[in-house]
*Asks:* 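I have a structure here, written as structure tokens, and I will follow up with some questions on it.
We use all heavy atoms of the structure for the numbers below, so side chains are in, but hydrogens, waters and symmetry mates are not. Proteins come first, then strands; the chains are lettered A, B, ... in the order of their sequence lines, and each starts at number 1. Because the structure is a prediction, the values reported are computed rather than measured.
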Amino acid sequence: MSGNTPIGIEFFQRDPLICARELIGCTFGLGDTAGKIVETEAYAAVGDRACHTWKRAAREFVSSHAPGTAYVYLNYGMHWLFNFLVKGAKREGFVLIRALEPLEGIPLMRRRRTRERLQELCSGPAKLTQALGITGDHYGCNPLNGKGWLLSKPPGDHEVVVSNRIGITLDAEYPWRFLSKGCPFVSVPA
DNA sequence: GGGCCGATTAGG
DNA sequence: CTAATCGGCCCG
């Protein structure tokens with residue numbers, strides 16, 4: 001596709017909230033599957049009790065990896081969740097990818113998800129990792145130059161809606177969730 | 001070592 | 001509303 005702006009490391013050397021907002025509308029994929037990012041959340045390494053940096057491993061991840069690196073972790077013992085590492089500006093942290101609009105490899109997504117309806121393929125942080133085939137094997141990978149990964153910014157702008165983050169108890173009042181306005185593929189409507 | 005909890009999801 | 005399911009942290 002032409003007209004797409006390639007995303008480089010500089011993209012992730014900004015504030016996590018800026019990155020989270022700017023990722024809305026970007027194309028994200030692995031292997032033969034891809035989708036448009038329609039929902040994200042920002043997490044701050046410092047001053048955000050919902051961020052994983054209360055763990056030693058997460059703090060070491062932040063300090064030892066490059067901006068844009070994939071931080072993938074197992075949640076509730078069974079679901080993989082995908083984040084981009086954001087660092088280089090005053091505030092560091094992660095952007096959680098929470099939902100995609102399916103674009104490529106939809107038959108494969110349906111098989112992996114054992115669901116038919118488009119809205120059930122990638123409308124949640126653990127659903128989309130299952131649909132794309134993302135697992136703990138991708139912990140520490142870099143989608144900016146890693147084999148099989150796709151991340152680019154198509155031309156045009158999106159109306160973005162802001163709301164509180166989902167599924168957390170600490171610092172739940174931070175308005176750090178970003179959604180594509182009116183999109184039917186998000187996890188929870190704004 | 002034991003207990004508890006989580007950035008979730010699917011099914012009753 | 002709840003089970004599923006497991007790694008990390010805290011306590012002792």
*Asks:* Looking at every strand, decide which applies to A/Arg177 at a 4.0 Å heavy-atom threshold: base, sugar-phosphate, or nothing.
*Replies:* nothing
*Asks:* For residues 95-105 of chain A, run the donor-acceptor check on the side chains, cut-off 3.5 Å, and write out each pair with its distance to 0.1 Å, sequence neighbours left out.
*Replies:*
residue, atom, partner, partner atom, Å
A/Arg98, NE, A/Glu39, OE2, 2.8
A/Arg98, NH2, A/Ser187, OG, 3.2

*Asks:* What closest approach, in Å, do A/Phe12 and A/Leu144 show between heavy atoms, and which atom pair accounts for it?
*Replies:* CE1-CD2, 3.8 Å
*Asks:* Relative to the ring of A/His52, is the ring of A/Trp54 parallel (under 30°), tilted (30 to 60°) or perpendicular (over 60°)?
*Replies:* perpendicular
*Asks:* Who passes salt bridge (charged side-chain N to carboxylate O under 4.0 Å, His left out) against A/Arg113, sequence neighbours left out?
*Replies:* none
*Asks:* With salt bridge (Lys or Arg N to Asp or Glu O under 4.0 Å) as the rule and sequence neighbours excluded, what pairs involving residues 115-130 of chain A come up?
*Replies:* A/Arg110-A/Glu116, A/Arg115-A/Glu120, A/Arg117-A/Glu120
*Asks:* Tell me whether the rings of A/Phe84 and A/Phe28 are parallel (<30°), tilted (30 to 60°) or perpendicular (>60°).
*Replies:* perpendicular
*Asks:* If you group Ile, Leu, Val, Met, Phe, Trp and Tyr whenever their side-chain heavy atoms sit less than 4.5 Å apart, what else falls in with A/Val188?
*Replies:*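 Traced through the cluster, A/Val188 reaches A/Ile166.
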*Asks:* According to salt bridge (Lys or Arg N to Asp or Glu O under 4.0 Å), does anything in residues 79-89 of chain A pair up with another residue at least two apart or in another chain? List the pairs.
*Replies:* none
*Asks:* So if I take residues 77-92 of chain A and measure heavy-atom distances to DNA chain C, which residues fall below 4.0 Å?
*Replies:* A/Gly77, A/Met78
*Asks:* Under the side-chain contact (heavy atoms from CB on, under 4.5 Å) rule, collect the residues that match up with A/Lys153, sequence neighbours excluded.
*Replies:* A/Thr5, A/Ile7, A/Glu22, A/Cys26
*Asks:* For the rings on A/His138 and A/Trp80, is their centre-to-centre separation under 6.0 Å?
*Replies:* no
*Asks:* So, using salt bridge (charged side-chain N to carboxylate O under 4.0 Å, His left out) as the criterion, who are the partners of A/Asp32 when residues are at least two apart?
*Replies:*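 Partners of A/Asp32 by the salt bridge (charged side-chain N to carboxylate O under 4.0 Å, His left out) criterion come out as none, since no residue qualifies.
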*Asks:* Is it the case that over 12 heavy atoms from other parts of the model lie below 6.0 angstrom from the CD atom of A/Gln119?
*Replies:* yes
*Asks:* Which pairs count as salt bridge (Lys or Arg N to Asp or Glu O under 4.0 Å) when at least one residue sits in residues 59-76 of chain A, sequence neighbours excluded?
*Replies:* A/Arg56-A/Glu60
*Asks:* Using the C1' atom on both, measure C/dG7 against B/dA10 and round to a whole Å.
*Replies:* 23 Å
*Asks:* Classify the nucleic acid contact of A/Arg98 as base, sugar-phosphate or nothing, counting any heavy atom under 4.0 Å across all strands shown.
*Replies:* sugar-phosphate
*Asks:* Mapping A/Leu74 and A/Gly124 onto DNA chain B by nearest heavy atom, which one lands closer to the 5' end?
*Replies:* A/Leu74
*Asks:* Are OP1 or OP2 of B/dA10 and a side-chain N or O of A/Arg113 less than 4.0 angstrom apart?
*Replies:* yes
*Asks:* I'd like the 5' and 3' limits of the part of DNA chain C contacted by chain A, with heavy-atom contacts below 4.0 Å.
*Replies:*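 The contact span of chain A on DNA chain C goes from C/dA4 to C/dC9.
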*Asks:* Looking at DNA chain C, which of residues 38-72 of chain A put a heavy atom within less than 4.0 Å of it?
*Replies:* A/Trp54, A/Lys55, A/Arg56
*Asks:* Under a 3.5 Å cut-off on both pairing distances, which runs of 3 or more consecutive Watson-Crick or G-U pairs involve DNA chain C?
*Replies:* B:1-6 with C:6-11, B:8-11 with C:1-4
